[in-house]
2 protein chains.
Amino acid sequence: MLLKFTYCDDCYSPLKKALYKNKSSIMSKNKTIVSKAKRKPKPAYQRIKESILRNIHSGRWQAGDVIPTEHALAEKFAVSRMTVNRALKELSEERVLYRRQGSGTFVAQQQYNHTVVEVRNIAADIKATGKQYKAQVVSQHRVVASEVSPPILALLTQPMLDDSPISQKSFQQREDSDLIDEVKLIHIADGKPLQYEERWVDASLVPGFIEQDFSIVNTSDYLIQQAPLQGGSYTIRAVAAPKKVAQALDLAVGAPALLLSRQTFSAGRVVTFVNMWHAGDSYQISGTL
Amino acid sequence: MLLKFTYCDDCYSPLKKALYKNKSSIMSKNKTIVSKAKRKPKPAYQRIKESILRNIHSGRWQAGDVIPTEHALAEKFAVSRMTVNRALKELSEERVLYRRQGSGTFVAQQQYNHTVVEVRNIAADIKATGKQYKAQVVSQHRVVASEVSPPILALLTQPMLDDSPISQKSFQQREDSDLIDEVKLIHIADGKPLQYEERWVDASLVPGFIEQDFSIVNTSDYLIQQAPLQGGSYTIRAVAAPKKVAQALDLAVGAPALLLSRQTFSAGRVVTFVNMWHAGDSYQISGTL
DNA sequence: TAGTGGTCTAGACCACGTT
DNA sequence: ACGTGGTCTAGACCACTAA
């Protein structure tokens, strides 16, 4: 007699049930011999995830399809619902599945077009490569809001993106008399200028900011210490280097520069806005997915 | 008499215990009156997360400090250990904490310098904004590897990053006679060219690729369907637009362009390498953190 | 060896969507 | 009304780390 187990790649559960049944203590003593197999038992939720991924990659489950319910999978894999729940929750965090309460769990559209980039602390990055890091302060002073150029002031006043952590409405108007700390500095690796940083900080939110020596203290590090940051928005653009940037980075005016701009929020207000300019030929953002 | 509840921001648990105790059915009937308060009860794990975050932001718990054990927190918040575990697991996934089995749970270094960027499918993005999307195929043909320019061929042969999902060593050499599919096309939104895409594909890994009509089928979408992608590497740079790009995007030669390059891997080989060029003044990568 | 986190159970009540 | 996922319990065994 032949048994076919189509659709059931790996539902076996290596002596799980027996082990966790604290009620079945009768048989537990004389059965422990059965499986001395040394291979580390992969966590059940992992095996479930892998099985689901196989079903998707093989095409058996197409994008948009409903997959079996938590109850059904729990029974199939002979595990508790919580374990299945963990597998499904992680897969939906990984955007392989999506879940709708009351409806079910579905296969998501495959989206390997999504690229996740990580932009890091430049000082730490330079030091990590073994190069000598130096920060040169170009200017550093406290001004009243009315002295800040309107486009910059706007970015200190309202979010630049619609889906920002803070809604436009909840923003409060800035007074002309508000104090803004302004710092401009150059980050240098082995003598080569790598980044020109222009930063504006709401002085009322980070009182001691302008007194720091930014050739020693990293601006971001200090802000992170002082203000409980809640989120931020950023943009990455390729721009023609304006004169001030060209001078700072030792470039020709109009040369391509990578500009990373970032707003950071705390307590419903913009704590800081920063422009980070990089020479196009000596800086890139990279990573893996 | 005065009771002080220092260090205990929100350990109260809104009638949780009673509700879940199916044993305490004696008192359940005449006590339900107590809290008709309509405010939606936030999940317990959320309240625990928020409490921990407050402890960190207030400076009570410093980076590197051990925080109370799961058992202790479970008791403090009057919840089960699994619930505390969920809160701590999520916070460590969010890099607020880190955990070491056998040692404890610690406050991580705050790293809001890390910016995560998401680059998406441009066709879908354009359509999502309500603009009319069009793809114009510039060229499309199959060539032997020896005809591909050496720098491009290298990117089809080996990973461009050290921390790529595939190690350099495991890479196999490419034969001159290997077939490469090459496609160049322009992505247009409401008549304005937004992206110039140059793509090379290992023809042996994606057989039908070159026969597609890429004015209809998105290159990435097709590849995702055909090959089980395992990962990728990318770089983002600001470059001066070369002539071919300038023509395609209607730019001046040398104008700043945002270049996103990406390798994608499958089965230990590079499936595809793509250069995506964008006019600096009409394209930006943005997001929130 | 004692204490930590990692995983798991076999139930439970609830909010939500579909019918 | 019913079935789905969301959350939670009060235990349990295990692997790991440190004393």
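So you know, we letter chains A, B, ... as the sequences are listed, proteins then strands, and number each from 1. Predicted, not measured: the structure shown is a model, and the values here were computed from it.
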What I'd like to find out is whether the side chain of [X] reaches to under 4.5 Å of the side chain of [Y], using heavy atoms alone.
X: B/R86; Y: B/R81; result: no
X: B/V270; Y: B/L205; result: no
X: B/T83; Y: B/I48; result: yes

Using whole Å, report how far [atom1] of [X] lies from [atom2] of [N].
X: A/L88; N: D/dT7; atom1: CG; atom2: C1'; answer: 15 Å
X: A/K49; N: C/dT7; atom1: NZ; atom2: P; answer: 10 Å
X: B/Y98; N: D/dC16; atom1: OH; atom2: P; answer: 20 Å
X: B/L97; N: C/dT4; atom1: CG; atom2: P; answer: 16 Å
X: B/M82; N: C/dG11; atom1: CE; atom2: P; answer: 18 Å
X: A/E90; N: C/dG6; atom1: CD; atom2: P; answer: 12 Å
X: A/N85; N: D/dC8; atom1: CG; atom2: C1'; answer: 11 Å
X: B/E70; N: D/dC8; atom1: CD; atom2: P; answer: 15 Å

Return no unless some side-chain N or O of [X] is found under 4.0 Å from OP1 or OP2 of [N].
X: B/T83; N: D/dT9; answer: yes
X: B/R100; N: D/dC16; answer: no
X: B/R99; N: C/dG6; answer: yes
X: B/Y45; N: D/dT7; answer: yes
X: B/T105; N: C/dT4; answer: no

Exercise for review: Answer yes if the side chains of B/Q132 and B/D190 hold a donor-acceptor pair under 3.5 Å, and no otherwise.
Suggested key: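 On atom types as modelled, these side chains do not qualify, holding no pair under 3.5 Å.
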
Revision key, fill the gap. On DNA chain C, more 5' by nearest nucleotide between B/K89 and B/G102 is B/G102

Practice item. Kindly indicate, with the supporting measurements, whether the criterion side chain to side chain donor-acceptor pair (under 3.5 Å) is fulfilled by A/S92 and A/R99. Key: CA-CA 7 Å; A/S92 68; A/R99 321 194 70 189; 5.3 Å; no

Review point. Any N or O donor-acceptor pair linking the side chain of A/R81 to the base of D/dG6 at under 3.5 Å?
Key: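 Check passes, donor-acceptor contact within cut-off.
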
**Study point:** Nucleotide nearest A/Q101 when distance is taken to its side chain, options D/dC8, D/dG6, C/dG6
**Key:**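 Ranking D/dC8, D/dG6, C/dG6 by closest atom to the A/Q101 side chain puts D/dG6 first.
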
Point to revise | Residue B/R86, side-chain atoms from C-beta onward, closest of C/dT7, D/dT7, D/dC8 | key: D/dT7

